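What follows is a single structure, written as structure tokens, with notes after it.
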There are 2 protein chains.
Amino acid sequence: MQPFSYASSNQPSSAQLDATFGALADPTRRAILARLATGPASVSELTAPFQMTQPAISKHLRVLEKAGLISRSQDAQRRPRTIEAQPLAQANEWLERYRELWEARYQQLDSLLDEMKSMRTP
Amino acid sequence: MQPFSYASSNQPSSAQLDATFGALADPTRRAILARLATGPASVSELTAPFQMTQPAISKHLRVLEKAGLISRSQDAQRRPRTIEAQPLAQANEWLERYRELWEARYQQLDSLLDEMKSMRTP
DNA sequence: TGGTTGCATAACTGAATGGTAATGTACAAG
DNA sequence: CTTGTACATTACCATTCAGTTATGCAACCA
């Protein structure tokens with residue numbers, strides 16, 4: 001587990017963002033996260049949907065775990081993984097700083113559409 | 001420029017998310033984006049803050065451009081870059097699907113804090 | 001015209017990434 | 001106690017990545 005901190009405003013280190021975004025930059029790992037969002041799953045369950053071998057999935061799980069995006073527990077021989085949302089929240093916080101940028105973009109699009117509309121209604 | 005689409009609801013391809021998250025998984029590229037969020041900048045302006053050579057920055061710019069995160073224009077010998085927010089909006093949309101996850105997490109933290117508080121006020 | 005500025009491109013290098021097959025290991029079940 | 005299941009680990013390979021130096025090229029400037 002991560003060291004405890006009180007506030008939700010602990011800003012992520014650069015290395016943490018590197019790891020998080022790096023982990024998300026792969027479709028297999030995003031699919032694994034999507035699966036884990038519905039609840040914990042064993043390695044073989046996580047392997048089943050893919051054409052890859054089990055060691056390949058284990059590698060992906062290692063990447064996700066090092067980024068703090070999943071954690072490992074134990075159930076007999078099984079090592080179920082659980083999604084950990086905090087790094088996702090941090091990535092989201094980082095992106096939020098650019099929100100007004102893309103919202104301004106939509107504003108431009110809106111006014112373009114308005115303009116087009118006014119051209120059809122003279 | 002990207003092919004035009006009316007709605008803001010065009011969902012990104014897997015490859016697009018790969019490129020976007022991959023581009024964001026590097027501190028130099030995130031710093032470049034942060035700079036460009038304040039307005040367009042030439043390559044030499046973008047190179048100045050770093051200890052890297054200019055070709056290294058040009059490589060990073062190529063990664064950002066292939067991900068659609070920046071665009072290139074022309075001003076005499078200069079090739080100023082402009083930030084393009086759409087891929088950031090798409091990445092944000094992807095993350096939003098997990099929002100309830102980390103909000104639930106904060107809820108747990110809140111109740112933990114409540115519990116601790118109630119222990120100090122018997 | 002000839003030099004300088006601004007940037008791109010090419011060729012190279014070391015390290016990291018993403019996959020494989022083969023093997024090792026802990027636990028459970030007969 | 002032996003066997004099977006679930007997973008990790010190792011060794012290996014091809015590809016990509018992040019940086020370098022060297023070079024090319026277009027546009028401005030004296």
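Predicted model, so just to flag it, every value in this text is computed and none were measured. Lettering follows sequence order; numbering is per chain, from 1.
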Could you tell me how far apart [X] ([atom1]) and [N] ([atom2]) are, to the nearest whole angstrom?
X     : N      : atom1 : atom2 : result
B:L64 : C:dA8  : CG    : P     : 13 Å
A:D18 : D:dA18 : CG    : C1'   : 13 Å
B:D75 : C:dC7  : CG    : P     : 9 Å
A:K59 : D:dA8  : NZ    : C1'   : 12 Å
B:F50 : D:dT20 : CZ    : P     : 12 Å
A:Q77 : D:dG4  : CD    : C1'   : 9 Å
A:Q51 : C:dT20 : CD    : C1'   : 15 Å
B:I57 : D:dA18 : CD1   : P     : 12 Å

At less than 4.0 Å, is any side-chain N or O atom of [X] found next to OP1 or OP2 of [N]? Yes or no.
X     : N      : value
A:R81 : D:dA8  : yes
B:S44 : C:dT5  : no
A:H60 : C:dG19 : yes
A:R29 : C:dG18 : yes
A:R72 : D:dA8  : yes
B:S58 : C:dC7  : no

Between [options], which one does the side chain of [X] approach most closely?
X     : options               : result
B:M52 : C:dT5, C:dT20, D:dG19 : D:dG19
B:P55 : D:dA8, D:dA22, D:dA18 : D:dA22
A:Q74 : C:dT5, D:dA6, C:dC27  : C:dC27
B:V43 : C:dG18, C:dC7, D:dG19 : C:dC7

Could you tell me whether [X] contacts a base, only the sugar-phosphate backbone, or nothing, with contacts defined as non-hydrogen atoms closer than 4.0 Å?
X     : answer
B:T53 : base
A:S42 : sugar-phosphate
B:A76 : sugar-phosphate

Going by the angle between their ring planes, with limits at 30° and 60°, are B:F21 and A:F21 parallel, tilted or perpendicular?
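It falls in the parallel class, under 30°.
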
| request: With DNA chain C as reference, determine whether B:P80 or A:A56 sits nearer its 5' end, using the nearest nucleotide of each. | output: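 Comparing both residues, the 5'-ward one is B:P80.
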
- Does A:Q54 make a side-chain donor-acceptor contact with the base of D:dA6, cut-off 3.5 Å?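 Per atom types, no contact qualifies.
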
*Take atom CZ in B:R62; do more than 12 heavy atoms of anything else shown fall under 6.0 Å from it?*
no

### Message
Ignoring hydrogens and geometry beyond distance, is a side-chain donor-acceptor pair present between B:R72 and B:T82 at under 3.5 Å?
### Response
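The criterion, which ignores hydrogens and geometry beyond distance, is not satisfied for B:T82 and B:R72.
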
Indicate whether any N or O donor in one side chain lies under 3.5 Å from an N or O acceptor in the other, for A:T47 and A:Q54. no

Quiz item: Donor-acceptor pair, A:R30 side chain versus A:L24 backbone, under 3.5 Å?
Solution: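 Judged by distance alone, yes, a pair lies under 3.5 Å.
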
Could you give the distance from CD (A:E93) to CG (A:L17), rounded to the nearest 0.5 Å?
->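 The CG atom of A:L17 is 9.5 Å from CD of A:E93, to the nearest 0.5 Å.
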
